[in-house]
Structures are given as structure tokens and as C-alpha cells.
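The block underneath contains the structure these notes are about, expressed in C-alpha cells.
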Amino acid sequence: MQAIFDIINAVCGKIQVVSDLFWDFPTNFDWYANIPILGNFSLAIILLIGSGIYFTCRLRFIQIRKFKYGIEVLKNSKKTQMGISPLAAFFLSTAMRVGPGNILGVTGAISVGGPGALLWMWISAFFGMATSYTEATLAQIFKEKKDDEYVGGLSFYGRKLLGGSVGVGIFLSVLYIVYALLCFPAQGFNTISAVGQIGETVSGHAIDTNSMLYWVSFVILLIAVAIISFGGIKQVTRVTDVVVPVMAVIYILTVIVLVIVNVNCIPWFFYAVFTQAFKPEAVFGGAFGIALVQGVKRGLMSNEAGQGTITMAAAASDAKHPCDQGCVQSIGVFLDTIVICTLTAFVVIMGHVWLTDNAEAWFELGKLPKFVASVAELTPGTAFNAAVSLLVSVCFGLFAFSTLLGFMSFTEICANRISESKSFIAVIRILCLVVIAFGCMTSIAGMDLGSLWDLSDFANILIAYCNIPLLYIGFKHVLNATKHFEKNDGTLYTSEVAGMELEVWDKKAGK
């Protein structure tokens, strides 16, 4: 087993070199890096934030203007016979967005880029809300009907926008499957690790990773993921409708209590974020570009705006208008980054561990232990510390589990896009479970394949490079749909309104 881990770490290291090239180009060339101001912005940063700014301006800040409307859509959602409700689609997408990255990603960003990285997460999320609106609306426009469900997303609108090319649809479907397979091990590892952490907190003593608790949890996890995800989108949403609100509410309330207990630190928190966004401490790398890249990179890992990876959840919704789900998905980015990631950052930054005599030991810890250590600093020597650690561990496990369900469901949708052969789908399902099992076994073996997290950076930017050009190509359809949406004259969205053949929307309108 150790030999396998070593080989995988070596391969991951090579891929990480390519990932850094994708993220850093062309700032890794002196001639570009020496350009004042511009030299701090890589092509990836320009593409992600620049696209968000472009969509925001062209849509006249729709993420602000229609924020309240998106809330109303969620409040008025009802169960449907066809597809799933906008609220269920929101919970499904949130199950993917709100994952371990909301804790590990934010902690890692602050560890490397300093408190200022949070400001860049906020900025990328604000403009990312318009990007999310754009891709979700596209997913709705080009969704298709399959039995009693709606399917769609990146591979579907990609094919339509590029002339109906079967090859494009297959390529984008394969790309998502590869993306998911790269992410499965870390989520399996995190789920099992969270169970172990919960056991240690409750029992009050360390538990060996090779113990019965880990092995039983491993078996239960695989069975649960298989049963739930193989039941289709509706089966998954029945679980996420319960799990997502519970994990979000528990985590938000837990951290809010920590903030209230340490309310005197809030002014310093904002001071640290805004001052170090441009002049970070040397201990964090001491460069503006490092804080910038870490903020955008971890923000993308968390809210996934621009990747097209959440678009399958958006397409599954039985929305009244394509733009309804666009408004809803925009709120998802807000909840993920502006709310949940900010709360995580409150704990890490207000914990002050990186400014104390224990700073060196803090930096040497893994990302989750860094966060737990920061929690301990905010509740020193109290019984409340154990309760908070338990709640955080439970949320962390639920974050990872819900993300696994989302990956499994979306992977199967993409697999069906390639081939509807039952044997092919069975192979994809088994492959997913094997990769998840590998991540779990990594935890049981007491290993920590940290480089697997680095792979997600590569997968994130690679799929974003493929998705964002498609958003520009399809943006005219989004503008047209938005114009009809805001006109609000009582007419239904149909092929006539869209100016192209849209069978799903014509049938929905009774034509």
C-alpha cells in the first residue's frame, strides 16, 4: 500500500507542475511579472474575475437587482412531477459547493496568502455570482427531458452551442468524469477522517485509524453512497433536502456563537483583511500576488462559479423561466463564499494563532488541525471547546458526504451522455466507488495524501478554461432570456421567444 501511495504522490507532483503553469501563466515570466500592477494578474485571474466583471456589467449587476427575487423563488418552490423544484436544485448544488473546501480551502488560503486572501475571495465571489447566473441560465435554456427528470449542464449546452457536435458533448462529459474522479479520493478521505475525529471527541481519547470504527464507517459510507446516488437525481435530492439545511445551519450558528463570544476582535478582523490584501505579512509570502491568487483559487474551489460543474443541478430544476434558476444559483455563490467561507475565516484570523508564540507549530499543522487549533484559541480552557470541535467535525463530515453524492449523480448524468449502455454505466459506477474506497483506505492506513488536494486545483482551472469560452458564445441567449424575463409581460418562454428550437420549453408551455 505504501508503494502505491508513493507512486500516486509522485504522479500528483508532476501534474501539480502543470497546474501551477495554468494558474500562474504568464506571471512566471520576468518580462510580464515586472509590469506594474498588471504583472500580478495571471491569465487565470484575468479570465475568472474579468469574465465576472463583464457579465456583471452586461447584465447590469443582476446579482444585486434580482437577489431578493431569487429568495422569493426559493420560498415559493413546490414539489413537481417533472424534474425537481428550484429549492431542491439549490440544495443539490449547495451540497456540491459547500464542501470541505469551505474549511480546508479557506484555512489554506489564509495560511499561504494571509488574511488579505479573504478580500479577494469576496471580490471573486461577487462577480462570480453573475458568472453563475449566466451558466445556470444557459443550463436551463438547453436542458432536455429524460423520463420524469430534466438533464442538462455543461456537456449539453456545450454541444448545442458548437453546432450539435456529438464529439463536443462526449469530450465535456469525459472531462467532468475525470474531474470528479480526481476529487473523489479526498472526499472519501475527509468523510472517514471526520468520523474518526467525532469518535475521539466523544470518547476523549485517540482512536487508531485501523480500528473497527474506521472499517465499519468505511463499509457504511460505500453502501450509503451507492444506494442513494444510484437512485437518480430525485433520490439524491431527498437526502440533500435534509442534509444541506442541517449542516449549513449547524455550522453557521456554531461559528456565529464563536464570533459573538469574541466580538471585541471583529474590528481587528476587518483591519487585517483589508490591509493585508495588498501588503501581506512576510510570514505569508509577503507578496500582493500571493494573496490575490490564493483568494481567487480557493474561492473557485469553494463556489465553483465559472467551472460549469454545478450546471447539472441547475438544469434539473422545473423552473418557470430559465432566469429563475439563474437567480437562485447566484444566491448559492453568495451563501457559499460570502457567508460560510467568511465565517471560517473569522475563526482562523480571530484565533490569532499565527501571531502568537505558537505560530511556528500552527504553520506546521495540516489544514483541518489549523482550524481546530484556531477554534481552541477562541474558547480557551472551556467545555465549550469540546462541543464546538464536535459540531465542526460533524459539519465537516456532512460537507464531504454531500459532495460525494453530488459528484456521483453528476458523473452518472455525464456517463449517460456518452452511452446509455447499462454495462457502461455499471463500469462508471464501480470505478467511482473504487476511487472513493481508495480515499477511505488512505485515511484508514493513516496516510495523508495532501497532493490529492493539489490535483483539484488543476481540475478546477482546466474545466474553467473549457467552460468560460462557452459562456461567451452562449451569452447572447442569456441576454435574450434575461430581456424576456425582466419584461415580465406574462408570456411564456418558448422557441419563439428564444429564436431557436427548444422542445422542452415548448412542451412546458403546452405547445
Side-chain angles (χ1 to χ4, degrees), residues 82-84 86 88-97 131-147 149-162 164-181 183 229 232-234 236-237 240 303-319 322-326 328-330 332-333 403 405-420 425 428 459-460 462-475 477-478 481 502-505:
M82 176 60 64
I84 59 178
F90 173 76
F91 284 148
L92 180 58
S93 62
T94 302
M96 289 288 291
R97 280 197 175 101
T131 304
S132 185
Y133 170 89
T134 300
E135 60 187 5
T137 301
L138 265 183
Q140 273 286 313
I141 291 173
F142 294 110
K143 67 184 180 183
E144 299 176 8
K145 179 178 175 293
K146 182 185 178 184
D147 300 326
E149 296 179 348
Y150 289 121
V151 293
L154 173 59
S155 61
F156 290 77
Y157 63 68
R159 177 179 176 178
K160 293 287 187 180
L161 293 173
L162 296 178
S165 170
V166 175
V168 170
I170 292 176
F171 170 77
L172 292 173
S173 295
V174 171
L175 180 64
Y176 182 86
I177 292 173
V178 171
Y179 165 82
L181 290 174
C183 297
S229 59
I233 288 290
K234 288 192 174 183
V236 173
T237 57
T240 55
N303 61 53
E304 303 188 36
Q307 291 181 214
T309 49
I310 302 295
T311 53
M312 283 173 276
S317 170
D318 185 20
C323 297
D324 279 13
Q325 202 62 37
V328 167
Q329 297 307 110
S330 177
V333 175
T403 303
L405 295 181
F407 276 133
M408 285 290 291
S409 299
F410 298 163
T411 298
E412 184 158 339
I413 289 176
C414 288
N416 274 284
R417 190 63 168 165
I418 298 171
S419 172
E420 294 187 359
I425 301 302
I428 295 297
N460 287 338
L462 181 63
I463 204 166
Y465 272 137
C466 293
N467 181 56
I468 289 180
L470 293 174
L471 300 187
Y472 281 101
I473 295 172
F475 191 57
H477 301 301
V478 176
L502 296 175
E503 183 180 353
V504 165
W505 288 101

Legend entry - Charged tip of K160 within 45° of F142 ring normal and under 6.0 Å: no
Legend entry - Non-hydrogen side-chain atoms of L470 and L138 separated by less than 4.5 Å: no
Inset, instruction - Please find out if less than 6.0 Å separates the ring center of Y179 from that of Y176. - result: yes
Inset, instruction - Determine the minimum heavy-atom distance between S155 and R417, stating which atoms define it. - result: OG-CG, 3.9 Å
Inset, instruction - May I have all residue pairs that pass salt bridge (Lys or Arg N to Asp or Glu O under 4.0 Å) and include part of residues 308-319, sequence neighbours excluded? - result: D318-K508
Legend entry - Check: E412 and I428 side chains under 4.5 Å, non-hydrogen atoms: no
Inset, instruction - Decide yes or no for N467 and L471: does some side-chain heavy atom of the first lie under 4.5 Å from some side-chain heavy atom of the second? - result: yes
Legend entry - Side chains of H477 and Y157 in contact at under 4.5 Å (non-hydrogen atoms): no
Inset, instruction - Check side chain to side chain contact (heavy atoms under 4.5 Å, CB included) between S165 and all other residues, then give those that pass, not counting sequence neighbours. - result: V168
Legend entry - Where G153 and T311 come nearest, the two heavy atoms and their spacing: CA-OG1, 3.3 Å
Legend entry - Residues which pass side chain to side chain contact (heavy atoms under 4.5 Å, CB included) with E503, listed by chain and number, not counting sequence neighbours: K507
Legend entry - Contact check, side chains of I425 and N416, non-hydrogen atoms, under 4.5 Å: yes
